[in-house]
Amino acid sequence: MSDVTSAAAPAPSDFIRDIVAQHVAENRYAKIVTRFPPEPNGYLHIGHAKSICLNFGIAREHQGQCNLRFDDTNPVKEDIEYVQSITTDVQWLIAGWADHCLGFKPKGAHPAKVTSNGQPDYYLAPVAPGAGSEAFFASDYFDQLYDYAIELIRRGKAYVCDLSPEDTEKYRGAPDRPGQDSPFRNRSVAENLDLFQRMKAGEFPDGARSLRSKIDMASPNMWLRDPLLYRIRHVAHHHAGDKWCIYPLYDYAHCLSDYLEGITHSICTLEFVDHRPLYDWVLESLGLPRTLPHQYEFAKLNLAYTLVSKRKLLQLVNEKVVTGWDDPRMPTISGLRRRGIPASALRTFVTGVGVTKFDSLTEAAVFENAVRNDLNAVAQRRLAVLKPIKLVLTNIAAGEVIECDATNNPQDENPTTRKVALTREVFIEAEDFAEVPPPKYFRLKPGGEVRLKYACIIKLDELVKDAAGAITELRCTAQLDTRSGQPNADKKVKGTIHWVSATQCIEAEVRLYDRLFTVAEPAAEENFLKVVNPKSLEVVTAKLEASLAFARHGELYQFERLGYFTPDAKDSVPGKLILNRTITLKDTWAK
RNA sequence: UGCCCGAUGGUGUAAUGGUAGCACGAACGACUCUGACUCGUUCUGUCUAGGUUCGAGUCCUAGUCGGGCAGCCA
């Protein structure tokens, strides 16, 4: 076992895990059950990765379970495409780490009638993912939610309101000014029951009426001023079909969904702190027979030079700033995956930033460090030249091939090797030669010596220029006795550069990605589209060592001295290789 | 001029009334057939003012600063 894998990762600790640990110590719950509840209205991004790792992490630390649940109560914004991408992304992120904690439900299952503490109750039991199972959907609870709404009306805790959306807003008041009771607030239970049933039956147009909680229009907490429970929307639902024309709102549906699934800890982001009293109000108002779930909030992830807003990411997609949600420049999980970032690196990163209630901005270097650390241990080393310049080894005959052993990964305990061909003509990186070198330049310069990695030391004898004065060829002498195993193998030179044989290489398209934005906080811009980095993608035709000919998606490479690369999942095909640069190597010289 | 949440080096985070630690970063150095990796040295911190206490980053009060809340979005 390597040092990397044997070094036990420190057990994460944060204020939410402390609370859960306390509950476990108190034996408060039979099992810890969390949930990851995305709305299927966009692709998951790196901010969601933090929430996924928190929720699944807590579940795995306590032999618990974490349900994937689609919070799909607003059909006008949601789409089946997103439920598919989200399911894929979640499973990819937790694979080999917390997949045994993932809670699904039998396909098509709805909450079942059960008896809890002698009272009638509803509960939806989880199953392991697999054939015949699917994620949970809040929309599978619409029947129960409707029944619970009836119960709220019967208890005098909800009423049908005829105020228009505009008037509802006016009656709500402002943060520093109390609202006013709706004129429909004191309807009889019978009238509310009748009206709500007719809302469900489709008798009223969108926005004509709503079902509202009856709490306190003068509350200093805006979310307690009789927030809406149901609105009328005459649209079909991507999962529930066309059965409904009234749809529950988040605050009403979420807490009850948690309850129906037996969630113990409902973890969300800080903007819901103000909603917590409402979360509790709904559950407590119904006199439910089982232990109630509780909500805990943490600060969402903010990462420098990246956007974590589904709405803005959608805009980048719609305005074709990127090629799609899974463009390798996107901070979406699918984009990061396509770029070549391992799930383990993502997990290490989001776990490392911690969980607090402080609204922070994490430096890009922290993310980059996590990616490089992860990749350094596993990426196979290869030689590739991105921007070639031809170099002729004048003392090697045309047609002669000298085989050299190249190490596949020096980080391995017992590194393996492969053969690379040294020939008379090779390509080196244009950047690795300077006719007029700056101070402390270790690479090739007129009259200078440098080592061709895994081959031998060479000396630059002559520059060949075209009519315009541009250098077309570097003519060098190969010191063949400095090859590995040869008498002068230990000869030292300051610089070692990468290269590929000009006659035994393959060509490939390589996509060089850079950060998508030019400013650290694109979200703070008046118009984030104006700070898109025009150089976020550069495409080059690179020369690769021949062994890369059959490189496939999923394989992780380090091109020595350049960075980490992986074949593109969508566009790379056998015979026409296309690679994405995941990230460069750290370069302490460039600056 | 309401309510809620927060504040520890440049950044992120730990310390649960008892030695302010870790990571990233930066600088310098060692090593190097990757200017990578690795290793070494150095750098910088408890928002302010009171209070409680033998002792406060931690508890209390006030202030300052930052964030959130007036969707029939989540």
Side-chain angles (χ1 to χ4, degrees), chain A residues 10 13-15 18 37-39 41 71-74 76-78 161 163-165 168-170 172-179 206-212 219-225 227-233 247 249-251 253-254 268-277 297 299 304 310-311 352-370 372-373 376-377 381 383 406-407 410-411 440-443 450-457 482-484 489-498 558-563 584-590:
Chain A
S13 167
D14 55 67
F15 77 100
D18 289 348
E39 183 187 16
N41 67 344
D71 212 344
D72 55 348
T73 57
N74 186 6
V76 308
K77 287 189 175 178
E78 298 157 8
C161 180
L163 249 25
S164 68
T168 303
E169 189 185 329
K170 283 180 194 146
R172 187 154 34 225
D176 56 350
R177 171 167 44 86
D206 290 4
R209 289 182 219 263
S210 62
L211 183 73
R212 289 234 248 165
S219 172
N221 181 343
M222 296 297 289
W223 288 102
L224 259 22
R225 320 247 263 224
L228 275 71
L229 270 20
Y230 271 90
R231 80 281 230 186
I232 300 173
R233 287 284 178 278
Y247 291 97
L249 277 103
Y250 168 85
D251 289 296
H254 200 91
C268 62
T269 45
L270 249 27
E271 64 268 33
F272 294 102
V273 170
D274 291 340
H275 298 231
R276 193 186 333 130
E297 312 87 8
K310 276 197 266 187
R311 186 182 64 78
V353 302
V355 178
T356 66
K357 302 178 88 157
F358 178 65
D359 189 19
S360 60
L361 177 67
T362 299
E363 290 179 337
V366 179
F367 175 64
E368 292 167 356
N369 177 260
R372 290 188 179 113
N373 261 340
N376 181 44
R381 313 288 126 123
L383 294 177
T407 305
Q411 305 290 320
K440 289 193 181 173
Y441 187 78
F442 297 166
R443 288 110 93 164
V450 77
R451 178 177 283 277
L452 295 185
K453 176 108 180 166
Y454 302 127
C456 61
I457 293 170
T482 61
R483 284 145 65 209
S484 181
D490 290 340
K491 178 174 173 181
K492 305 291 181 197
V493 283
K494 199 65 185 162
T496 298
I497 63 173
H498 58 279
Q558 182 197 104
F559 290 172
E560 299 223 26
R561 300 211 309 129
L562 293 172
T584 61
L585 250 30
K586 197 194 283 181
D587 187 351
T588 47
W589 162 252

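Here is how names work: the chains are called A, B, and so on, in the same order as the sequence lines, proteins then strands, and each is numbered from 1.
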Option from A:Lys453, A:Glu560, A:His498 for which side-chain contact (heavy atoms from CB on, under 4.5 Å) with A:Arg381 holds: A:Glu560

From A:Arg172, A:Glu169, A:Arg212, residue fulfilling side-chain contact (heavy atoms from CB on, under 4.5 Å) relative to A:Leu163: A:Arg212

Chi class for B:G71: syn within 90° of 0, otherwise anti: syn

Could you work out, with side chain to side chain donor-acceptor pair (under 3.5 Å) as the rule, every residue matching [X], not counting sequence neighbours?
X: A:Thr356; value: none
X: A:Arg483; value: none
X: A:Tyr230; value: none

Quick one: does any side-chain atom of [X] pair with a main-chain N or O of [Y] as donor and acceptor, under 3.5 Å?
X: A:Ser219; Y: A:Asn221; answer: yes
X: A:Ser210; Y: A:Leu228; answer: no
X: A:Arg225; Y: A:Ala174; answer: yes

5' precedence on RNA chain B between A:Leu452 and A:Asn369 (nearest-nucleotide basis): A:Asn369

Sugar-phosphate or base contact per nucleotide [nucleotides 8-13 of chain B; S, B, -; heavy atom under 4.0 Å]: --BSSS

Contact state string [nucleotides 69-74 of chain B, B base, S sugar-phosphate only, - no protein heavy atom under 4.0 Å]: SBSBSB

Could you check whether [X] gets within reach of a base, just the sugar-phosphate, or nothing at all, counting any heavy atom under 4.0 Å?
X: A:Arg443; value: base
X: A:Arg372; value: nothing
X: A:Pro178; value: nothing
X: A:Leu270; value: nothing
X: A:Phe367; value: nothing
X: A:Lys453; value: base

Short side-chain N/O contact from A:Lys494 to OP1 or OP2 of B:G35, under 4.0 Å: no

Under-4.0 Å side-chain N/O to phosphate OP1/OP2 contact, A:Arg381 with B:U34: no

With rounding to whole Å, what would you report as the distance between [N] and [M] at their [atom1] atoms?
N: B:G9; M: B:U42; atom1: C1'; value: 14 Å
N: B:C69; M: B:U11; atom1: C1'; value: 29 Å
N: B:C60; M: B:U53; atom1: P; value: 16 Å
N: B:G71; M: B:A23; atom1: P; value: 47 Å
N: B:U13; M: B:C54; atom1: P; value: 34 Å
N: B:G66; M: B:U16; atom1: C1'; value: 25 Å
N: B:A74; M: B:G17; atom1: C1'; value: 41 Å
N: B:G57; M: B:G18; atom1: C1'; value: 13 Å

Check the distance between [N]'s [atom2] and [X]'s [atom1] and give it to me in whole angstrom.
X: A:Arg276; N: B:C3; atom1: CZ; atom2: C1'; answer: 13 Å
X: A:Leu585; N: B:G35; atom1: CG; atom2: P; answer: 9 Å
X: A:Gln411; N: B:C39; atom1: CD; atom2: P; answer: 11 Å
X: A:Asp18; N: B:A15; atom1: CG; atom2: C1'; answer: 12 Å
X: A:Asn376; N: B:C39; atom1: CG; atom2: C1'; answer: 15 Å
X: A:Glu560; N: B:C37; atom1: CD; atom2: P; answer: 14 Å
X: A:Leu383; N: B:A36; atom1: CG; atom2: C1'; answer: 14 Å
X: A:Lys357; N: B:G67; atom1: NZ; atom2: P; answer: 18 Å

Results of ring-ring contact (aromatic ring centres under 6.0 Å, His included) for A:His275 - residues two or more places apart only: A:Trp223, A:Phe272

Closest non-hydrogen atom pair between A:Leu361 and A:Ala304, with its separation: CD1-N, 3.7 Å

Sub-4.5 Å side-chain heavy-atom contact between A:Met222 and A:Asp274: no

Close side-chain approach of A:Asn41 and A:Asn74, heavy atoms under 4.5 Å: no

What residues, two or more places apart in sequence or in another chain, satisfy salt bridge (Lys or Arg N to Asp or Glu O under 4.0 Å) together with [X]?
X: A:Lys170; answer: A:Asp167
X: A:Asp251; answer: none
X: A:Lys77; answer: none
X: A:Lys310; answer: none

Considering only nitrogen or oxygen atoms on both sides, find all protein atoms under 3.5 Å from nucleotides 17-21 of chain B and state each distance.
none

Nearest to side-chain heavy atoms of A:Ser484, which nucleotide of B:C4, B:C33, B:A36: B:C33

Proximity to the side chain of A:Lys586 - top-ranked nucleotide from B:U16, B:G25, B:U34: B:G25

Stems formed with participation of RNA chain B [Watson-Crick or G-U wobble, under 3.5 Å, three or more pairs]: B:2-7 with B:64-69, B:10-13 with B:21-24, B:25-30 with B:38-43, B:47-51 with B:59-63

